[in-house]
Amino acid sequence: MKSIEFTSNEGGAILLVDQRLLPHEKKILIIKSNSELIAAIQSLAVRGAPALGVAGALGVGLIALRSEQNGWSQQQISQALVDLRSARPTAVNLAWGVDQVSPLISSGSKLVLEAAMAISQADGLANRAMSKLGAAYLLEKCGQKRLRILTHCNTGALATSQWGTALGVITELHQQGYIKEVFADETRPLLQGSRLTAWELSELGIEYRILPDGAAASALFAGLIDAVVIGADRIARNGDTANKIGSLGLAIAAQAANIPFLVIAPESTIDRSIADGSKIEIEFRADSEVTHFAGLPVAPVGAKSYNPAFDVTLSKFITAIITEKQLYHVSEGVEL
Ligand code: MRU
């Protein structure tokens with residue numbers, strides 16, 4: 001499944017699986033302008049760090065195309081790039097995707113789009129490589145048996161260009177016959193776990209259960225879980241990892257329960273300009289995501305929220321970070 005691609009039809013457009021409507025409806029969104037793309041990113045129609053990287057790169061292609069078609073000034077192009085690059089702050093992949101291809105704008109939209117599509121293709125290949133590494137590591141660490149894996153948020157084909165990162169490891173293990181059951185955290189407040197991960201798991205034919213985020217620690221201590229695998233939005237040089245809110249608590253609980261906690265992410269998610277996680281900007285989202293459920297109020301009128309979309313898991317709680325290139329033992333002080 002491809003969650004995001006470009007079509008030359010419709011005068012040139014980005015096609016996205018609208019992740020806001022899943023699992024009930026699979027609809028393709030046709031994105032024709034930079035402002036439509038930014039709105040899709042901010043409302044999580046497209047989300048997940050690697051998918052945001054591809055969205056950023058394809059978005060630059062769209063900017064280049066529209067500037068050619070409408071004779072934009074240099075200032076209009078620069079503003080469009082700044083707006084796109086900063087649509088969401090935490091996942092480094094969005095800015096990375098924009099930066100990778102924007103130097104090509106002066107060479108024409110065709111070249112920008114080709115480079116963006118190459119990024120998408122490379123992401124798919126990277127996911128397959130990190131999944132094989134992750135699966136081999138888990139079988140070595142936990143023993144050659146059918147594993148019970150807990151995961152958080154959504155890291156599958158929807159969150160990437162293809163295949164997935166943490167969910168890619170689970171898929172790889174499943175294909176090798178080594179998955180017993182997946183525990184998918186529902187992932188409050190926007191339910192990427194129950195809406196998206198559970199949907200992908202059912203499409204893949206993998207046995208799963210959804211649990212409230214608050215049940216994860218007790219599942220770990222009840223002996224129900226062999227390993228925890230998550231993705232990442234930005235990884236600092238020392239291995240501190242920003243990921244969906246709830247990841248930090250999960251990592252601390254996994255360490256206390258002596259259960260391996262793995263971060264699976266592409267090299268493009270490592271931000272080597274940042275020494276540690278304290279420098280990672282965390283996105284805060286609207287009160288209504290917490291005070292309302294499916295559009296209905298579930299809290300007193302005017303209730304405020306504390307709603308960070310991400311947290312930073314310190315490297316000391318991470319057993320290993322696995323990319324398409326290698327495995328990093330960051331808790332032992334390995335620098336990325
Ligand atoms: O707010 P979201 O849904 O974009 O958050 C996504 C996550 O936190 C994912 O776990 C992360 O981007 C890794 S996706 C392979």
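Heavy-atom basis, side chains included; hydrogens, waters and symmetry copies ignored. Start at 1 and go down the list; that is how both ligands and their atoms are numbered. Everything numeric here is computed off the predicted structure, so don't read it as measured data.
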Exercise. Any ion pair linking Asp226 and Arg148 (charged N to carboxylate O, less than 4.0 Å)?
Worked result: yes
For this session: Flag Arg47 as yes when one of its N or O atoms lies below 3.5 Å from any N or O atom of ligand 1, and as no otherwise.
Result: yes
Problem set entry | Heavy atom of the protein closest to atom 4 (O) of ligand 1 (residue, atom name, distance) | Arg88 NH1, 2.8 Å
For this session: Answer yes or no: does an N/O atom from Thr155 fall short of 3.5 Å to an N/O atom of ligand 1?
Result: no
Exercise. When Val46 is tested against each of Ile41, Val17, Leu29 for side chain to side chain contact (heavy atoms under 4.5 Å, CB included), which residue passes?
Worked result: Ile41
Problem set entry | Worked check of salt bridge (charged side-chain N to carboxylate O under 4.0 Å, His left out) between Lys279 and Asp240 | CA-CA 10 Å; Lys279 314 285 183 314; Asp240 289 353; over 6 Å; no
Exercise. Looking at ligand 1, does any of its N/O atoms fall within less than 3.5 Å of an N/O of Ala159?
Worked result: no
Exercise. If you measure every N/O of Thr165 against every N/O of ligand 1, is any gap under 3.5 Å?
Worked result: no
Exercise. So which bit of Leu52 gets within less than 4.0 Å of ligand 1, heavy atoms only: side chain, backbone, both or neither?
Worked result: neither
Exercise. Can you find a heavy atom in the side chain of Thr160 that is under 4.5 Å from one in the side chain of Thr155?
Worked result: no
For this session: Check each atom of ligand 1 against the heavy atoms of Phe310 and keep those under 4.0 Å away; list them by number with element.
Result: 1 (O), 5 (O), 8 (O)
Problem set entry | Carboxylate-amine/guanidinium proximity below 4.0 Å for Arg20 and Glu25 | no
Exercise. How many angstroms lie between CD1 in Ile322 and CG in Leu133, if you round to the nearest 0.5 Å?
Worked result: 6.5 Å
Exercise. Among Ala242, Gly156, Ala232, which residue places a heavy atom closest to atom 13 (C) of ligand 1?
Worked result: Ala232
For this session: Kindly indicate whether the side chain of Leu147, heavy atoms from C-beta on, has any atom under 4.5 Å from the side chain of Leu173.
Result: yes
Exercise. Has Asn154 got any heavy atom lying under 4.0 angstrom from an atom of ligand 1?
Worked result: yes
For this session: Decide whether an N or O pair under 3.5 Å exists between Leu44 and ligand 1.
Result: no
For this session: Ignoring hydrogens, just give me the one of His152, Lys244, Arg285 whose non-hydrogen atom is nearest atom 2 (P) of ligand 1.
Result: Lys244
Problem set entry | Per-residue contact class, Cys153 against ligand 1 - non-hydrogen pairs under 4.0 Å | side chain
For this session: Look at ligand 1 and say whether Pro50 reaches it with a heavy atom at a distance under 4.0 Å.
Result: yes
Problem set entry | Atoms in ligand 1 with a heavy atom of Ala49 nearer than 4.0 Å | 12 (O), 14 (S)
Seminar exercise, completed: When rounded to the nearest 0.5 Å, the distance separating CZ of Arg188 from OG of Ser194 is 9.5 Å
Exercise. Does any N/O atom on Asp233 come nearer than 3.5 Å to any N/O atom on ligand 1?
Worked result: yes
For this session: Would you mind telling me which of Ile252, Val229, Leu250, Leu150 makes a side chain to side chain contact (heavy atoms under 4.5 Å, CB included) with Phe261?
Result: Leu250
For this session: Nearest 0.5 Å please: distance from the CG atom of Asp185 over to the CD1 atom of Ile230.
Result: 10.5 Å
Problem set entry | Protein heavy-atom partner closest to atom 9 (C) of ligand 1 - residue, atom, separation in Å | Asn243 OD1, 3.5 Å
Exercise. Tyr178 ring centre to Lys145 NZ or CZ under 6.0 Å, with the angle to the axis within 45°?
Worked result: no
Seminar exercise, completed: Per-atom filter on ligand 1: closer than 4.0 angstrom to a heavy atom of Gln192 are 1 (O), 2 (P), 3 (O)
